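Keep in mind the model is a prediction, meaning the values are calculated, not measured.
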Amino acid sequence: MQADADSLERYRRQTLCPGLGLQGQRSLSQSRVLIVGVGGLGSWSSELLVRAGVGGVRLVDSDRVDLDNLHRQTLYDESDARAGRAKVVAAAGRLSQINATTRVEAMETRLDSSNVEDLARGCDVILDGTDNFPTRFVLNDYAVQSSTPWIFAGVVGCEAQTMTILPGVTPCLRCILDGPPPAEQEVNARTSGVLGPAVSAIAAIQALEAIKVLTHQLDQINPHLLKIDLWRNSIQHVDVSQACEGENCPCCQQRRFDFLSP
Ligand SMILES: [Zn+2]
């Protein structure tokens, strides 16, 4: 009884928002989120969702905390970098301090086609916190095959993009991109740099899209590919609805899951 009263008080300011309400809060508390990569994007999105009161988060990452992570990866501090702690371990410790009622699972591994099914089992939505396209295409194949919503995101410099993919409803990643770019052409934070505020902005949008999915408000999902350049002050909503027309997508239309095959 006391726990219920505490939770009513704890989430009062967000349940006052008509989009969420008490019913939405209940749905959040019964949900589990897979966060693939707890670098910059995953730090922000996991913290926002844990603070919002999701029932569980499963964190997947094989990296250790480094000094050059700290300007944007907000779950970590200097002691984590000095100790070279595993990110999932440090993140799980911090998130459990923030909200002891959320079940936090730390999976210290790299997600690929051989383990995606095990890692994603039982999760209601998948958040992309990766920094590479090969993993995103594995996630896209798995999500479409299993009808699990997933939220793509990426940031380089001050340019960020995100798209919510609802299998069977919206275009998938492969509708708009044939496949991962060649490794030598892939740009990422490691090679091109990244600014913290751009990461937090796009991760916040990812977290809110996840809240809409988890509270079953799919009509509120942003159907566009959202591109933001925070340095140049531009926001673009790219209409990708035509990408799904015809029978061209090998993944969501022909149901060929090339990136799940060994
Ligand atoms: Zn598709």
Side-chain angles (χ1 to χ4, degrees), residues 7 10-59 72-75 91 95 98-99 101-102 104 123-130 136 139-140 143 148-155 158-167 169-173 195-230 234-240:
S7 116
R10 176 170 190 146
Y11 301 116
R12 193 169 69 85
R13 303 279 179 104
Q14 68 179 28
T15 51
L16 279 171
C17 296
L20 191 70
L22 286 172
Q23 198 182 339
Q25 190 67 48
R26 217 167 293 123
S27 299
L28 286 185
S29 72
Q30 291 162 358
S31 64
R32 188 190 289 155
V33 181
L34 178 67
I35 296 179
V36 183
V38 275
L41 290 167
S43 277
W44 281 100
S45 61
S46 62
E47 180 170 341
L48 287 167
L49 291 170
V50 165
R51 287 187 186 277
V54 296
V57 289
R58 188 175 294 155
L59 313 172
R72 69 191 188 286
Q73 302 189 14
T74 50
L75 291 177
L95 293 170
I98 289 170
N99 192 342
T101 61
T102 297
V104 183
C123 292
D124 304 293
V125 66
I126 301 170
L127 268 66
D128 174 12
T130 70
R136 291 182 180 121
L139 286 178
N140 188 66
T148 308
W150 82 283
I151 305 169
F152 154 73
V155 195
C158 265
E159 295 176 55
Q161 49 186 317
T162 183
M163 186 168 93
T164 303
I165 292 155
L166 304 174
V169 180
T170 68
C172 79
L173 186 65
L195 291 188
V199 177
S200 62
I202 213 75
I205 292 170
Q206 261 188 310
L208 191 50
E209 289 287 285
I211 288 172
K212 295 174 192 172
V213 169
L214 296 172
T215 56
H216 317 295
Q217 301 181 75
L218 303 187
D219 54 331
Q220 300 298 324
I221 294 291
N222 183 351
H224 301 118
L225 169 64
L226 175 63
K227 292 183 162 191
I228 304 179
D229 185 333
L230 283 98
S234 81
I235 299 178
Q236 268 181 284
H237 289 271
V238 182
D239 182 356
V240 290

Sole candidate of Lys212, Gln206, His224, Glu209 that passes side chain to side chain donor-acceptor pair (under 3.5 Å) when paired with Thr164: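 Passing option: Glu209.
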
[X] (side chain) donor-acceptor with [Y] (main chain) under 3.5 angstrom:
X	Y	answer
Gln161	Ile202	no
Thr102	Gly55	no
Gln217	Gly19	yes

Below 4.5 Å, heavy atoms only, C-beta onward: do [X] and [Y] meet side chain to side chain?
X	Y	result
Thr148	Pro167	no
Asp124	Val54	no
Val125	Pro149	yes
Thr101	Ser7	no
Leu230	Leu195	no
Val169	Ile221	no
Arg72	Trp44	no
Val213	Leu166	yes

Which atoms form the tightest heavy-atom contact between [X] and [Y], and what is the distance?
X	Y	value
Val199	Gly40	CG1-C, 3.3 Å
Ile98	Arg10	O-NH2, 2.8 Å
Thr215	Ser27	CA-CB, 4.2 Å
Leu127	Ser45	CD2-CB, 3.6 Å
Leu41	Ala153	CD1-O, 4.0 Å
Ala52	Leu28	O-CD1, 3.6 Å

To the nearest 0.5 angstrom, please state how far the [atom1] atom of [X] sits from the [atom2] atom of [Y].
X	Y	atom1	atom2	value
Leu59	Ser46	CG	OG	6.0 Å
Leu48	Ile205	CG	CD1	11.5 Å
Asn222	His237	CG	NE2	5.5 Å
Gln236	Leu226	CD	CG	9.0 Å
Leu208	Leu49	CG	CG	9.5 Å
Leu214	Ser29	CG	OG	10.5 Å

More than 12 heavy atoms of other groups within 6.0 Å of Ile235 CD1: no

Out of Asp128, Ile165, Ile126, which residue meets the side-chain contact (heavy atoms from CB on, under 4.5 Å) rule with Asn140? Ile165

